[in-house]
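Contents: one structure, followed by commentary.
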Number of protein chains: 2
Amino acid sequence: MLSLHQLTCFLATYEHRSLTRAAEELGYAQPSVSEQIRNLEKSLGVPLFRRVGRGVIPTTAADTFRPHAEKVLAASDEAQRAVASIKSLETGTIRFGMFGVARLYGGAGLVADVLERHPGVRVELVGQHSREVQENLRRGRLEVAMIAVAGIESEGMSITPIARDELVYISADPSRLTSPVTAKQLSEARLVMPETTWRDSDSARIVLRRMLHEAGYNPTTRIEVEDIETAVELVGRGLADTVTNKGAALQLLPRLAPNAGWVSLRPRLYDTMAIVHRTGATLSPAAQLMIELATQRIQAILEPV
Amino acid sequence: MLSLHQLTCFLATYEHRSLTRAAEELGYAQPSVSEQIRNLEKSLGVPLFRRVGRGVIPTTAADTFRPHAEKVLAASDEAQRAVASIKSLETGTIRFGMFGVARLYGGAGLVADVLERHPGVRVELVGQHSREVQENLRRGRLEVAMIAVAGIESEGMSITPIARDELVYISADPSRLTSPVTAKQLSEARLVMPETTWRDSDSARIVLRRMLHEAGYNPTTRIEVEDIETAVELVGRGLADTVTNKGAALQLLPRLAPNAGWVSLRPRLYDTMAIVHRTGATLSPAAQLMIELATQRIQAILEPV
DNA sequence: TTCAATCCCTAGGCAATACCTATGAATGTG
DNA sequence: CACATTCATAGGTATTGCCTAGGGATTGAA
């Protein structure tokens, strides 16, 4: 079986025309190099050097072999170098899980931050929703993610809360924004809610349902849409009100529903943003970088926990 | 220290997304592959796979590493292949296809040339006739050959003309050699022709038949023999005339028919000598050597094309 | 929920390999 | 003819590669 070590010994010997000097250069004893060359010759089935009194002389087979050996070692170096630059985040792909709303808080800026520090890198923000992201985490397709969690569930996962995001009531009707909205008002409101597909596992919805149940009401929504932008736009047209994360509201209202406003709930409700990864996993430098940057961004916008 | 074996294990694991299946493919126990991957990860300083319940999942570092690993192994294979073909020049057998007449031009000298450069080698000149040689080429029993071709036929074969050999009229009767022989004279002559067995596919005969047909004559031969030496000898005895390659005539006349002479045909006809091998084949050093030597020999005697 | 199957890891043992030092044999050199 | 240099061999130790056996975790089905 050919080995890279044999090739190294071969090239040193070829250059120096001497096993002794090759061994010196490589820091081995002379018989060790001798043995490597012997094994290489055996595995190739061709003598590579003629042993003459003073030193060794490469055969024509060695002449032919040399450029190939150099190419193999060069490719090997290149392979190591490629991985080393991954390690130092010079190139490669960083994959980070992020649910829908979080991208509003930092998505584009996060990518910008990463690219600014590591211009060669590719960035992927994966996941439409925190639940889906969680699934990918569990299956190992994602190393780390930032998601919204309703509680500290999911065993096997290490969840580190980094910020909380208040849930607020949004409406285009100023009369409904005069004071904090109660469960009763909420149950009577005409609501448009986003994230239809994930309605059962969306953490904001879970928190909301819990609050309503405790007050003895059932959640009812008039309209179901998939993305929060659409929901906010509908609010802007006065067709319904909605409840969503305050951070998202602050960002979207001026653009999509300038005539609408927001007010807290009573009692106040919060969505928790957390960094999640498999318990016990050693995080890669890429993951650690993303955690740091994402945390900074989120905490600059929301209330740190 | 990086090793080729680690790369092999890595690629198998990467492809199968499973240590167990990689081990199966490579014929090892699963912990052995596991250990190789672990060592590779250690030496690269980067985790390559995330171990998740069912199988393993490559990290982005692994994605980056993979093409490099493949390149290293490819270079290694190439290195071994290169030496293997060198080896065949030093210990193996060089087999070269050559048709009957060509051996007159260089056969013995060619073998001498090869042995002088590669004393350890065995040389075989294969083939009685260009047609038979072509058959062996087609079946892959010969890598390369020098044959006479009537045209550029034979799909799948790469044909490189290297020289042309005039067909000349040979006679012991000086009166028939005073001027170039025409189709009419040819059709009226008493001819002895060699290569009886291959009469239909012999390129010299094909060229000759074509010329006669165009002039409205049918080829008729008085005597058919197998080898050209016999034919020339019969010409020397005045029993018949013949048409053969000029190169062969020049070589054989002094020895076998000193009283005979030759004259061109009108119009002049030529037999083409060409190097033939399977299209797309990578020629071994042995083959390249033979091509070079044979071409030199032939072109020293005949007119290069 | 439970159970069996799957898959990876760890542990411990054996064999092969890598490397060392010491020494012998061959070949040029003074 | 000694001497210096260089490679090969011998023998011992440490490391590595590979194996089997068994444990823990995840997955998919009952």
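Keep in mind that this is a model prediction, so the values were computed, not measured. Labels below follow one simple rule: chain letters A, B, ... track the order of the sequence lines, proteins then strands, and each chain is numbered from 1.
Partners of A/Ile301 by side chain to side chain contact (heavy atoms under 4.5 Å, CB included), not counting sequence neighbours, listed by chain and number: A/Tyr105. Applying the salt bridge (charged side-chain N to carboxylate O under 4.0 Å, His left out) test to B/Glu292 and every residue at least two apart in sequence or in another chain returns nothing. Applying the side-chain hydrogen bond (donor to acceptor under 3.5 Å, both in side chains) rule to A/Asp63 yields the partners A/Tyr14; only residues at least two apart in sequence or on another chain are considered. Under the rule for a side chain to side chain contact (heavy atoms under 4.5 Å, CB included), the partners of A/Ala29 that lie at least two apart in sequence or sit in another chain are A/Pro31, A/Ser32. In this structure, A/Glu24 has no salt bridge (charged side-chain N to carboxylate O under 4.0 Å, His left out) partners at least two apart in sequence or on a different chain. A/Phe49 is linked by a ring pair (Phe, Tyr, Trp, His ring centres under 6.0 Å) to A/Phe10, counting only residues two or more places apart in sequence or in another chain. For A/Lys246, the side chain to side chain contact (heavy atoms under 4.5 Å, CB included) criterion is met by A/Asp165, A/Glu166, A/Val168, A/Leu250, A/Trp262, not counting sequence neighbours. Qualifying ring pair (Phe, Tyr, Trp, His ring centres under 6.0 Å) partners for A/His68, counting only residues two or more places apart in sequence or in other chains: none. In terms of the side chain to side chain contact (heavy atoms under 4.5 Å, CB included) criterion, residue partners of A/Val192 (sequence neighbours excluded) are, by chain and number, A/Ile223, A/Val225, A/Ala231, A/Leu234, A/Val235, A/Ala240, A/Thr242.
With rounding to whole Å, A/Gln30 atom CD is found 15 Å from C/dT23 atom P. In this structure, A/Leu26 atom CG and C/dA18 atom C1' are separated by 14 Å, rounded to whole Å. Whole-Å rounding puts the B/Arg50 CZ to D/dT26 P distance at 15 Å. Summarising the geometry, the separation between CD1 on B/Ile37 and P on D/dC18 is reported as 12 Å, rounded to the nearest angstrom. For the pair A/Ile57 CD1 and D/dC7 P, the interatomic distance rounds to 11 Å; values are reported in whole Å.
Less than 4.0 Å separates DNA chain D from at least one heavy atom of each of the following residues of residues 13-21 of chain A: A/Ser18, A/Leu19, A/Thr20, A/Arg21.
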Seminar exercise, completed: With B for base contact, S for sugar-phosphate-only contact and - for none (protein heavy atoms under 4.0 Å), nucleotides 10-17 of chain D reads -------S
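In this structure, A/Glu70 pairs ionically with A/Arg66, as a charged nitrogen and a carboxylate oxygen lie closer than 4.0 Å. Under 4.0 Å is where a charged nitrogen must lie from a carboxylate oxygen, and between A/Arg210 and A/Glu214 no such pair does.
Taking 4.0 angstrom as the limit, A/Ser34 places none of its side-chain polar atoms (N or O) nearer than this to OP1 or OP2 of D/dC7. Regarding contacts with the backbone of C/dC7, every side-chain N or O of B/Arg51 stays at 4.0 angstrom or more from both OP1 and OP2. Distances shown here put a side-chain N or O of B/Arg38 below 4.0 Å from the OP1 or OP2 atom of C/dT10.
End-to-end axis angle of the helix from C/dT1-D/dA30 to C/dG30-D/dC1, from C1' rotation axes over five pairs per end: 20° (rounded to 10 degrees).
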